[in-house]
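All chains are named by letter (A, B, ...) in the order of the sequence lines, taking the proteins before the strands, and each is independently numbered beginning at 1. Bear in mind that the values here come from a model prediction, so they are computed numbers and not experimental data.
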Number of protein chains: 2
Amino acid sequence: MNIGEAAKASGVSAKMIRYYESVGLIDPAMRSESGYRVYGENDLHVLRFVKRARKMGFSMERIETLLGLWRDGERNSAEVKKLALGHIAELEQQIAEMQAVADTLRKLAATCHGDNRPDCPILDDLSAEHEAPARAPKRRRA
Amino acid sequence: MNIGEAAKASGVSAKMIRYYESVGLIDPAMRSESGYRVYGENDLHVLRFVKRARKMGFSMERIETLLGLWRDGERNSAEVKKLALGHIAELEQQIAEMQAVADTLRKLAATCHGDNRPDCPILDDLSAEHEAPARAPKRRRA
DNA sequence: CCTTGACCTTCCCATCATGGGAAGCCCTAT
DNA sequence: ATAGGGCTTCCCATGATGGGAAGGTCAAGG
């Protein structure tokens with residue numbers, strides 16, 4: 001199998017396959033006499049593993065570890081679990097931050113007329129001097 | 001005010017101030033005779049605006065638009081609101097995706113022993129051939 | 001006056017994961 | 001044999017940010 005077919009079969013672009021190889025995430029592929037990379041079923045398996053892990057949002061660094069654990073028949077599932085829990089925690093952290101921003105923005109948008117008048121609490125908040133987001137009840141125009 | 005002071009006062013690093021200027025997000029600062037950038041209160045105001053918008057997760061492209069609206073006394077608040085709503089929608093989209101991943105991972109982690117045994121549903125899922133992520137109610141141990 | 005140290009300037013490089021594209025070689029089908 | 005598509009490597013770009021080098025500037029103190 002050439003890289004193009006492997007790409008189609010795994011869902012990882014040829015470009016990325018070469019990149020993963022270049023940074024050592026996956027082992028260098030066998031080469032044909034003319035220098036073409038050649039892939040087998042096992043390589044496809046690895047590529048699909050990486051693909052899924054990326055889709056889950058694991059960083060390449062973590063995927064390297066995951067791959068190592070995957071290949072290691074002697075692994076402790078505890079290690080895998082720890083890695084997953086760490087990733088979950090990060091996701092939750094990011095979700096919470098984005099949630100907070102979305103909430104703030106929703107509140108601001110709710111009080112914005114959204115018509116042809118220029119005044120807008122969203123801009124007011126963005127240009128406010130203080131730290132708090134749309135909290136003070138000062139009704140003097142900024 | 002030199003760039004260092006402006007950075008401290010606005011919370012935007014000197015590096016980023018120069019970058020924002022270089023890409024046209026903010027107007028080029030005045031220069032002293034010796035070529036130093038010089039900032040006034042108004043520039044600080046702009047920098048703080050950008051800072052807050054970035055913290056909200058607005059892309060620089062959108063911030064450019066926001067800055068334009070901010071400066072434009074004739075703006076329609078509708079435009080600002082539209083931009084904000086668009087951003088909220090994107091945030092919600094991303095949050096939903098991350099939430100889905102976190103949920104999947106939580107379920108997988110819940111069924112992972114997390115001890116010294118090697119078998120682990122997390123790795124099993126990552127290396128699974130099919131598309132669905134731990135969904136089928138097959139109680140055959142995978 | 002001169003030195004020192006802190007600041008400023010520009011320019012280049014790195015990140016993370018990905019894509020675009022050029023120049024040139026290889027393979028297969030007509 | 002030639003055309004086309006696929007392959008190779010190499011360079012560049014993204015978005016937002018930081019690091020650092022080489023060199024100019026400024027203010028304070030001996």
Quick one: do B:R117 and A:E74 make a salt bridge, cutoff under 4.0 Å?
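Looking at A:E74 together with B:R117, the answer is no, because their closest N to O distance does not fall below 4.0 Å.
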Is any NZ, NE, NH1 or NH2 atom of the basic residue among A:K55 and B:E97 found under 4.0 Å from an Asp or Glu carboxylate oxygen of the other?
no
Short heteroatom pairs, N/O only, protein and nucleotides 1-7 of chain C, under 3.5 Å:
residue	atom	partner	partner atom	Å
C:dC7	O2	B:Y36	OH	3.4

When the rotation axes relating C1' atoms of four end pairs to the next four are compared across the helix from C:dC1-D:dG30 to C:dT30-D:dA1, five pairs an end, they differ to 10° by 40°
Rounding to an integer number of Å, can you tell me how far [X] [atom1] sits from [N] [atom2]?
X	N	atom1	atom2	answer
A:K55	C:dA17	NZ	C1'	16 Å
B:E33	D:dT25	CD	C1'	12 Å
B:I17	D:dG18	CD1	C1'	14 Å
A:I63	C:dT18	CD1	C1'	14 Å
A:E21	C:dA17	CD	P	17 Å
B:K15	C:dT15	NZ	P	16 Å

Can you tell me how far apart [atom1] ([X]) and [atom2] ([Y]) are? Round to the nearest 0.5 Å.
X	Y	atom1	atom2	answer
A:S22	A:I17	OG	CD1	12.5 Å
A:I88	A:K81	CD1	NZ	9.5 Å
A:L69	B:C120	CG	SG	8.5 Å

B:S77 and A:D115: side-chain contact (heavy atoms from CB on, under 4.5 Å), yes or no, with the steps?
CA-CA 6 Å; B:S77 59; A:D115 55 16; 3.3 Å; yes
Please tell me if [X] has a side-chain N or O lying less than 4.0 Å from either OP1 or OP2 of [N].
X	N	value
B:S13	D:dG18	yes
B:R37	C:dC8	no
B:R31	D:dT25	no

Pairing residues for B:D103 by the salt bridge (Lys or Arg N to Asp or Glu O under 4.0 Å) criterion, not counting sequence neighbours:
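B:D103 satisfies salt bridge (Lys or Arg N to Asp or Glu O under 4.0 Å) with B:R106 only.
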Test of understanding: with ring-ring contact (aromatic ring centres under 6.0 Å, His included), list the residues that count as partners of B:F58, not counting sequence neighbours.
B:H87
What residues form a ring-ring contact (aromatic ring centres under 6.0 Å, His included) with B:H45, not counting sequence neighbours?
B:W70
Is it possible for you to say whether B:Y36 and B:I26 belong to one hydrophobic cluster, with membership spreading through side-chain heavy-atom contacts below 4.5 Å?
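B:Y36 and B:I26: separate clusters.
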Could you tell me if the side chain of A:R52 sits less than 4.5 Å from the side chain of A:R48, heavy atoms only?
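Result yes, sub-4.5 Å side-chain heavy-atom pair found.
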Every protein N/O lying under 3.5 Å from an N/O of nucleotides 14-16 of chain D:
residue	atom	partner	partner atom	Å
D:dA16	OP1	B:M60	N	3.1
D:dA16	O3'	B:R54	NH2	3.3

